[in-house]
Amino acid sequence: MNLPLTRGMIVNLLLTGAVAMLFLASVYIGRGGVLLTSNFSEIGKIDPDLAALVLREVRLPRALLGLLVGATLGLSGACLQGLLRNPLAEPGIIGASSGAALGAVIVFYSGMSASIAFLLPIGGIVGALVALGALYALAGRNPSIVTLILAGVAISAFAGALTSLALNLSPSPYAALEIVFWMLGSLSDRSMDQVWFVLPFMALGWLLMASTARALDALSLGEETAATLGFDGASLKLRAITGIGLSVGAAVSVTGVIGFVGLVVPHLMRPFVGHEPGRLLLPSALAGAALVLAADLIVRLPATNGPEPKLGVITSLIGAPFFLWLILRTRRESM
């Protein structure tokens with residue numbers, strides 16, 4: 001019994017070290033993979049306040065959001081796969097991502113984001129909460145797993161259709177282009193104000209998901225078995241779905257849609273920590289943070305003067321082949 005625990009601790013320590021190194025790299029590596037430490041040193045000799053300002057308001061927010069958003073997506077993916085007992089589940093399946101994207105797109109479409117920047121993340125979070133409300137209105141207080149999935153897919157499809165309609169009816173091609181670029185996902189040009197704004201929603205979501213660890217382990221034995229062990233299925237689903245919705249909605253509201261992280265990361269961690277859903281939560285959060293920070297470093301590698309590749313595009317290029325491989329492996333195992 002001590003071996004899995006020891007292995008889990010080692011994995012978590014290694015992941016923590018990797019996240020710390022990638023976080024520092026995110027702060028100090030610029031376009032073209034250029035190390036910026038000497039630049040900051042030279043600026044600091046001339047104007048220490050300016051060097052501190054650039055670090056605090058330009059470099060640090062991007063690295064912090066990479067860490068927070070990656071941890072949110074990895075943790076949400078592990079929690080949702082444990083809740084639905086489906087290895088192909090990912091946070092977008094309950095409609096939180098598409099609801100948040102729709103809320104932000106409405107703010108873009110109305111032009112409100114041009115006057116008050118904070119309305120964009122507010123719109124994203126409100127969109128995620130509305131999607132969660134619709135999910136429970138459709139599925140009921142204690143829905144079955146199948147009902148939950150079907151309701152989430154319906155809400156996600158409807159929100160996606162409304163987003164497409166907003167793009168179709170956009171008053172100008174420039175507004176449509178801005179919406180499309182935002183939806184591709186990025187950590188650039190973010191501020192500490194946005195970090196502080198979304199952090200409480202993410203933290204509350206993390207706490208709710210962390211509180212489900214033991215119940216998810218029991219649920220892996222079946223809903224009836226979990227009930228006989230004293231775990232309330234309705235409470236478990238409410239905490240898990242609300243936690244995922246709040247944290248993922250907050251993430252999408254400031255970075256746009258960054259796909260496949262929640263799907264890929266839990267699968268990468270299972271061979272190292274085992275298949276117990278509760279034990280998978282922390283490693284998935286750390287690995288998600290590492291993956292997003294690493295992907296954000298990749299988008300900076302091109303040294304061209306044009307726009308850098310979008311983070312959501314890079315994670316999709318990583319995640320889509322993995323998803324196809326996972327489907328083929330699952331099909332082979334079921335034969």
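Worth knowing before you read on, the calculation uses all heavy atoms, side chains too, and leaves out hydrogens, waters and symmetry mates. Position 1 is the first residue of the sequence; numbering continues from there.
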K.L.:
Do Val299 and Leu301 land in one hydrophobic cluster if side-chain heavy atoms of ILVMFWY residues count as linked below 4.5 Å?
P.N.:
no

K.L.:
Mind running side chain to side chain contact (heavy atoms under 4.5 Å, CB included) on Phe322 and Leu268 for me, showing each step along the way?
P.N.:
CA-CA 10 Å; Phe322 181 88; Leu268 294 177; 4.1 Å; yes

K.L.:
Report yes if the side chains of Glu90 and Val264 come closer than 4.5 Å at any heavy-atom pair, otherwise no.
P.N.:
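No, every pair of side-chain atoms sits at 4.5 Å or beyond.
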
K.L.:
Determine yes or no for a side-chain-to-main-chain donor-acceptor pair under 3.5 angstrom, with Ser76 supplying the side chain and Leu73 the backbone.
P.N.:
no

K.L.:
Going through the distances and angles, do Phe272 and Asn12 end up as a side chain to side chain contact (heavy atoms under 4.5 Å, CB included)?
P.N.:
CA-CA 10 Å; Phe272 300 103; Asn12 288 333; over 6 Å; no

K.L.:
Is there a continuous path of hydrophobic side-chain contacts, each under 4.5 Å between heavy atoms, that joins Leu221 to Leu280?
P.N.:
no

K.L.:
Between Arg239 and Ser211, does the side chain to side chain donor-acceptor pair (under 3.5 Å) criterion hold? Intermediate values first, please.
P.N.:
CA-CA 8 Å; Arg239 281 180 287 144; Ser211 72; 3.1 Å; yes

K.L.:
Say you draw a straight line from CG of Leu84 to CG of Leu219; how long is it, rounded to the nearest 0.5 Å?
P.N.:
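Answer rounded to 0.5 Å: 9.0 Å.
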
K.L.:
Output the distance between atom OG1 (Thr212) and atom CG (Leu281), rounded to the nearest 0.5 Å.
P.N.:
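Between atom OG1 of Thr212 and atom CG of Leu281 there are 5.5 Å.
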
K.L.:
Is any side-chain heavy atom of Leu246 less than 4.5 Å from a side-chain heavy atom of Met202?
P.N.:
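No, side chains not in contact.
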
K.L.:
We want to know whether Trp206 and Ser247 form a side-chain donor-acceptor pair, criterion being a heavy-atom distance below 3.5 angstrom.
P.N.:
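There is no such pair between these side chains.
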
K.L.:
Measuring from Thr255:OG1 to Gln194:CD, what's the distance to the nearest 0.5 Å?
P.N.:
10.0 Å

K.L.:
Which distance, rounded to the nearest 0.5 Å, do you find between the CG of Leu282 and the CE of Met269?
P.N.:
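Going from the CG atom of Leu282 to the CE atom of Met269 covers 11.0 Å.
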
K.L.:
Can you see which heavy atom on Gly124 is nearest to which on Ser253, and at what distance?
P.N.:
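Minimum heavy-atom separation between Gly124 and Ser253: CA-CB, 3.6 Å.
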
K.L.:
Between the side chain of Thr315 and the main-chain N/O of Gly259, is any donor-acceptor distance below 3.5 Å?
P.N.:
yes

K.L.:
Please check if Val126 and Leu199 belong to a single hydrophobic cluster, counting links between Ile, Leu, Val, Met, Phe, Trp and Tyr side chain heavy atoms closer than 4.5 Å.
P.N.:
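Result: yes, single cluster for both.
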
K.L.:
Spell out, yes or no, whether Trp196 and Val69 are grouped together once hydrophobic residues are joined by side-chain heavy atoms under 4.5 Å, including indirect joins.
P.N.:
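Same cluster.
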
K.L.:
For Ala96 and Gly245, which heavy atoms make the closest approach, and how far apart are they?
P.N.:
CB-CA, 3.8 Å

K.L.:
Show the numbers, then the answer: is there a side chain to side chain contact (heavy atoms under 4.5 Å, CB included) between Ile125 and Phe201?
P.N.:
CA-CA 9 Å; Ile125 291 171; Phe201 295 97; 3.5 Å; yes

K.L.:
Could you walk me through whether Cys79 and Ile244 pass the side chain to side chain contact (heavy atoms under 4.5 Å, CB included) check?
P.N.:
CA-CA 8 Å; Cys79 183; Ile244 293 168; 4.3 Å; yes

K.L.:
Would a 4.5 Å heavy-atom cut-off, applied to side chains only, mark Ser220 and Glu276 as touching?
P.N.:
no

K.L.:
With rounding to the nearest 0.5 angstrom, report the OH to CG distance, Tyr28 to Leu24.
P.N.:
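One gets 7.0 Å once the value is rounded to the nearest 0.5 Å.
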
K.L.:
Taking all non-hydrogen atoms of both residues into account, name the closest pair between Ile155 and Ala131 and its distance.
P.N.:
CD1-O, 3.6 Å

K.L.:
Whether the side chain of Thr242 engages the backbone of Leu238 through a donor-acceptor N/O pair (distance < 3.5 Å, no angle test) should be reported.
P.N.:
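At least one qualifying donor-acceptor pair exists.
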
K.L.:
Under a 3.5 Å distance rule, please check whether Ser164 uses its side chain to pair with a backbone N or O of Gly160 as donor and acceptor.
P.N.:
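Checked: pair present.
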
K.L.:
Which atom names give the shortest non-hydrogen contact between Val257 and Ala101, and what distance separates them?
P.N.:
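So the two residues come closest at CG2-CB, 4.1 Å.
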
K.L.:
Heavy-atom distance under 4.5 Å between the side chains of Ile241 and Leu83, does that happen here?
P.N.:
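Heavy-atom side-chain distance check passes, below 4.5 Å.
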
K.L.:
Please list all pairs meeting salt bridge (Lys or Arg N to Asp or Glu O under 4.0 Å) that have one or both residues in residues 289-301, counting only residues at least two apart or in different chains.
P.N.:
Arg62-Asp296, Asp296-Arg300

K.L.:
CZ/Phe231 to CG/Leu216 distance, rounded to the nearest 0.5 angstrom?
P.N.:
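CG of Leu216 is found 9.5 Å from CZ of Phe231.
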
K.L.:
Is it the case that atom CZ in Phe158 sees more than 12 heavy atoms from other parts of the structure closer than 6.0 Å?
P.N.:
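At most 12 heavy atoms, drawn from other residues, nucleotides or ligands, come within 6.0 Å of this atom.
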
K.L.:
Please examine the side chains of Ile314 and Phe260, heavy atoms only from C-beta on, and report whether any two atoms are closer than 4.5 Å.
P.N.:
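Result no, sub-4.5 Å side-chain heavy-atom pair not found.
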
K.L.:
Mind checking whether Val180 and Met183 sit in one hydrophobic cluster, side chains of I, L, V, M, F, W, Y counted as touching below 4.5 Å?
P.N.:
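Linked, Val180 and Met183 end up in one cluster.
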
K.L.:
Quick one, Gln81 and Arg270 - any side-chain contact, counting heavy atoms below 4.5 Å?
P.N.:
yes

K.L.:
So do the side chains of Val273 and Val11 get within less than 4.5 Å of each other, counting heavy atoms only?
P.N.:
yes

K.L.:
When you measure from the side chain of Ser235 to the backbone N and O of Asp232, does any donor-acceptor pair fall under 3.5 Å?
P.N.:
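A pair under 3.5 Å: no.
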
K.L.:
List the atom of Ala287, the atom of Val265, and the distance in Å for their closest heavy-atom pair.
P.N.:
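Result for this residue pair: CB-CG1, 3.6 Å.
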
